[in-house]
Structure formats: structure tokens, C-alpha cells
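Notes to accompany the following structure.
Residue numbers run from 1 in the order of the sequence given.
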Amino acid sequence: MSDLAFYCFQYALALLLAPLLPGIIARVKAKVAGRHGKPVLQLYFDIVKGLRKGEVISHVTTPVFTLGPVVGLATVLCALALLPLGGMASPLRFSGDFLLAAYLLGLGRFLTMLAALDTGSSFEGMGASREAAFSALSEPVLFLCLLTLVGVGSALGMHDALSLSGMLGGRPAHEWLLGRAELLLVPMVFFVLLLVENSRIPVDDPTTHLELTMIHEVMILDHSGPSLSFIEYGAALKLWFFAALPAGILVPDLPLWQQSLCWLACIFAVAVLVGIVESVMARLRMQKVPVLLGGAAVLSALALILTQVR
């Protein structure tokens with residue numbers, strides 16, 4: 001199998017398996033609570049059901065309302081295509097592609113907030129303002145982590161140090177095994193970013209029904225039918241994207257099929273860990289979330305400094 005065919009296979013596998021992650025998280029939470037819980041494939045059923053339904057659109061909205069879910073899904077699909085999947089470098093890689101990936105995710109978030117504001121709902125406006133505030137704090141942390149990986153790659157003389165494929169292709173795992181223990185801080189920060197960017201506990205509760213406390217869910221209250229399915233599928237892909245970041249650091253450079261299997265196992269292990277965290281922790285008060293992101297920023301800055309002084 002050629003490299004391009006193998007990457008396309010991994011990309012299709014990511015598109016197919018991404019809705020499993022929310023199901024795994026829900027099942028872990030149910031098992032910890034002593035319940036049976038929803039089926040692991042529940043999100044697949046919800047997406048298909050939404051695609052078959054009609055859509056109710058308020059007469060006060062503009063085309064921005066329907067454009068938001070489509071652009072949000074498209075940007076996540078493009079960002080995922082820049083990641084190395086299963087140990088295989090992206091065929092779309094180029095120097096500095098991590099900037100494009102970050103801004104693609106930011107564009108999808110921006111359109112989601114615009115769609116929420118387009119409804120004229122005060123509740124959705126509050127959710128959009130919270131999303132904007134927390135994203136302004138999380139994006140610098142993401143860049144600090146990526147710059148740490150750039151620094152490691154540059155120190156090793158890698159020609160693709162500024163590419164996500166170079167940063168997350170399996171080399172960082174060998175480096176921390178050889179003594180660069182500061183690289184272990186990066187997957188910890190990536191995990192915090194996963195919780196923040198995907199509105200998971202302790203930042204937000206995706207299962208709550210209290211509009212005054214919701215962040216992401218309150219922004220999509222007026223969406224229905226295919227638009228809601230696009231949002232749910234895009235959220236699952238975004239969760240897969242952020243789960244793949246620590247997997248790219250923790251899984252070492254192995255023969256291709258072994259690395260691919262370890263990479264998938266690591267992504268599912270991240271989903272299990274999210275379920276455990278949501279089972280043992282409560283949602284933080286909203287003013288405590290910047291403190292959490294501040295701690296993540298300190299860890300990522302420390303990792304960056306340590307990579308530069310060695």
C-alpha cells in the first residue's frame with residue numbers, strides 16, 4: 001500500500017470512528033456511576049436521525065445561521081487532514097501548517113458564535129461570549145505547546161520541524177524516553193486543552209440543561225435537523241483532533257502498522273481518561289476556568305523554556 005493510500009485509509013478511519021469517542025466517554029461515566037448507560041454507538045444514531053429530519057429556522061435569522069454548522073464541520077475536516085494519522089505524515093503538510101490548523105479551528109468557532117448571535121437570543125449570546133473568552137485564553141496555550149515541539153525538532157535538525165507531521169510523527173516519544181522529560185508536560189497540557197476546547201467537565205457539562213451555565217450547548221439550542229447533525233459530527237471530529245495531539249507525542253516511532261494500532265489505542269485511552277475525569281470531578285465555577293488555563297499556560301511555558309536551555 002502506498003503512503004498516500006495508507007494516509008487516506010487512516011483519514012477515512014478517523015472520520016468513521018470519531019463518533020465513538022463521545023460514546024466511550026458516556027459509557028465510562030455510566031459504568032463508574034453503576035449504570036448501564038447509552039449505547040456506545042448512540043451518536044451515530046443521533047446523527048443519522050438528524051439528517052433525516054426537517055429543520056426549523058427562525059424568521060429573524062440570516063444565512064449566517066445555516067452557514068455556521070457547515071463551515072464548522074468543513075474547518076475541522078481540513079484541520080484533521082493536516083495531522084499525521086497513524087504515524088503517517090500528511091500529504092498536505094508544509095512548513096508552518098500548525099498555524100493553519102489552529103486558525104481553521106478558530107474560524108469554525110467564530111462561525112459557530114456568529115450563528116448563535118444571529119438568533120438574537122440572549123442565552124446564546126451569553127454562550128458565545130463565554131466561548132470567545134475561553135478561546136482567547138486557550139489558543140496561546142496551544143501555540144506554546146506547539147512551539148515547544150518546534151524547538152525540539154529544530155534542536156534535532158529536523159527539516160519538517162515547523163510541520164505538524166514533524167512534531168507529532170513519533171519522534172517526541174523517543175526524545176522523552178532518552179531524557180527530555182519536559183516533553184511529558186506537553187501531553188498533559190494538550191489534555192487540558194481537549195477538555196476546554198470540547199467543553200467537557202470541569203470546564204462545561206455537555207449534558208446540562210441549565211442555559212445560564214452552558215457554554216457550547218447553549219449556542220446550538222436553535223439548531224435542528226441536518227444542521228444539528230453537522231454540529232454533533234464536527235464536535236466528534238474536533239474531539240478526535242485534540243485526542244490525536246497527545247497520541248502523537250506518547251506513541252513512539254514504530255513500524256507503520258504497529259504505530260497505527262498504538263495510535264488508535266492511545267486515542268481511545270484518552271477518551272476513557274476523559275470519562276474518568278468527568279466521573280470524579282464536578283464542573284468548575286466559571287471564574288475558576290481561567291485559573292485552570294493559567295496553570296496550563298505555566299506548564300507549557302516551562303516546557304518551552306526547558307527545551308531551549310538544554
> Does any N or O in the side chain of Ser224 come within less than 3.5 Å of the main-chain N or O of Val56, such that one atom is a donor and the other an acceptor?
Replying inline: yes

> With a 3.5 Å cut-off and no angle check, do the side chains of Thr112 and Glu131 form a donor-acceptor pair?
Replying inline: no

>> Can you confirm whether Val289 sits close enough to Leu137 that some side-chain heavy atom of one is under 4.5 Å from a side-chain heavy atom of the other?
In response: no

Return all side-chain donor-acceptor pairs below 3.5 angstrom for residues 72-88, not counting sequence neighbours, or 'none' if the list is empty.
{"residue": "Thr75", "atom": "OG1", "partner": "Val71", "partner atom": "O", "Å": "3.0"}
{"residue": "Thr75", "atom": "OG1", "partner": "Gly72", "partner atom": "O", "Å": "2.9"}

> What residue pairs, at least two apart or across chains, pass side chain to side chain donor-acceptor pair (under 3.5 Å) with a residue in residues 133-145?
Replying inline: Arg109-Glu139, Ser138-Glu197

> How about Phe98 and Leu142: do any of their side-chain heavy atoms sit closer than 4.5 Å?
Replying inline: no

> Does any N or O in the side chain of Ser165 come within less than 3.5 Å of the main-chain N or O of Ala89, such that one atom is a donor and the other an acceptor?
Replying inline: no

>> What I'd like to find out is whether the side chain of Leu183 reaches to under 4.5 Å of the side chain of Leu306, using heavy atoms alone.
In response: no

> Considering only heavy atoms from C-beta outward, does the side chain of Val28 approach that of Ile276 to under 4.5 Å?
Replying inline: yes

> Excluding sequence neighbours, so at least two apart, what forms side chain to side chain donor-acceptor pair (under 3.5 Å) with Arg200?
Replying inline: Glu278

> With sequence neighbours excluded, what pairs up with Val298 under the side chain to side chain contact (heavy atoms under 4.5 Å, CB included) test?
Replying inline: none

>> For the CG atom of Leu293 and the OG atom of Ser300, what is their distance to the nearest 0.5 Å?
In response: 10.0 Å

> So which pairs with a foot in residues 47-61 pass side chain to side chain donor-acceptor pair (under 3.5 Å), sequence neighbours left out?
Replying inline: Glu55-Ser227

> So how far is it from Leu13 CG to Phe9 CZ, rounded to the nearest 0.5 Å?
Replying inline: 5.0 Å

> In Å, rounded to the nearest 0.5 Å, how long is the span from CG of Leu239 to CG of Leu21?
Replying inline: 5.0 Å

> Of all residues at least two apart in sequence or in a different chain, which pass the side chain to side chain contact (heavy atoms under 4.5 Å, CB included) check with Ala115?
Replying inline: His223

> Under 6.0 Å between ring centres, would you say that holds for Trp263 and Phe268?
Replying inline: no

> Heavy atoms, side chains only, cut-off 4.5 Å: are Glu217 and Ser199 in contact?
Replying inline: no

> Heavy-atom distance under 4.5 Å between the side chains of Val196 and Val141, does that happen here?
Replying inline: no

Compile the donor-acceptor pairs under 3.5 Å between side chains in residues 184-191 and protein atoms, sequence neighbours left out, one pair per line.
none

>> Run the side chain to side chain donor-acceptor pair (under 3.5 Å) test against Thr66 and tell me which residues pass, sequence neighbours left out.
In response: none

> Looking at residues at least two apart in the chain, or sitting in another chain, which of them share a side chain to side chain donor-acceptor pair (under 3.5 Å) with Asp118?
Replying inline: Thr62

> CZ/Phe241 to CG/Leu194 distance, rounded to the nearest 0.5 angstrom?
Replying inline: 11.0 Å

>> Check the orientation of Tyr7 and Tyr11. Use parallel for under 30°, tilted for 30 to 60°, and perpendicular for over 60°.
In response: parallel

>> How long is the straight-line distance from NE2 of His216 back to CG of Asp204, given to the nearest 0.5 Å?
In response: 9.0 Å

>> Can you pull out every ring pair (Phe, Tyr, Trp, His ring centres under 6.0 Å) where at least one residue sits in residues 26-50? Sequence neighbours excluded, please.
In response: none

>> With heavy-atom distances below 4.5 Å as the criterion, would you say the side chains of Phe65 and Asp222 are in contact?
In response: yes

>> Show me the pairs that pass ring pair (Phe, Tyr, Trp, His ring centres under 6.0 Å) and involve residues 273-309, at least two apart or across chains.
In response: none

> Who are the side chain to side chain donor-acceptor pair (under 3.5 Å) partners of Ser90, not counting sequence neighbours?
Replying inline: none

> Once you round to the nearest 0.5 Å, how far does CZ of Arg283 lie from CG of Asp205?
Replying inline: 7.5 Å

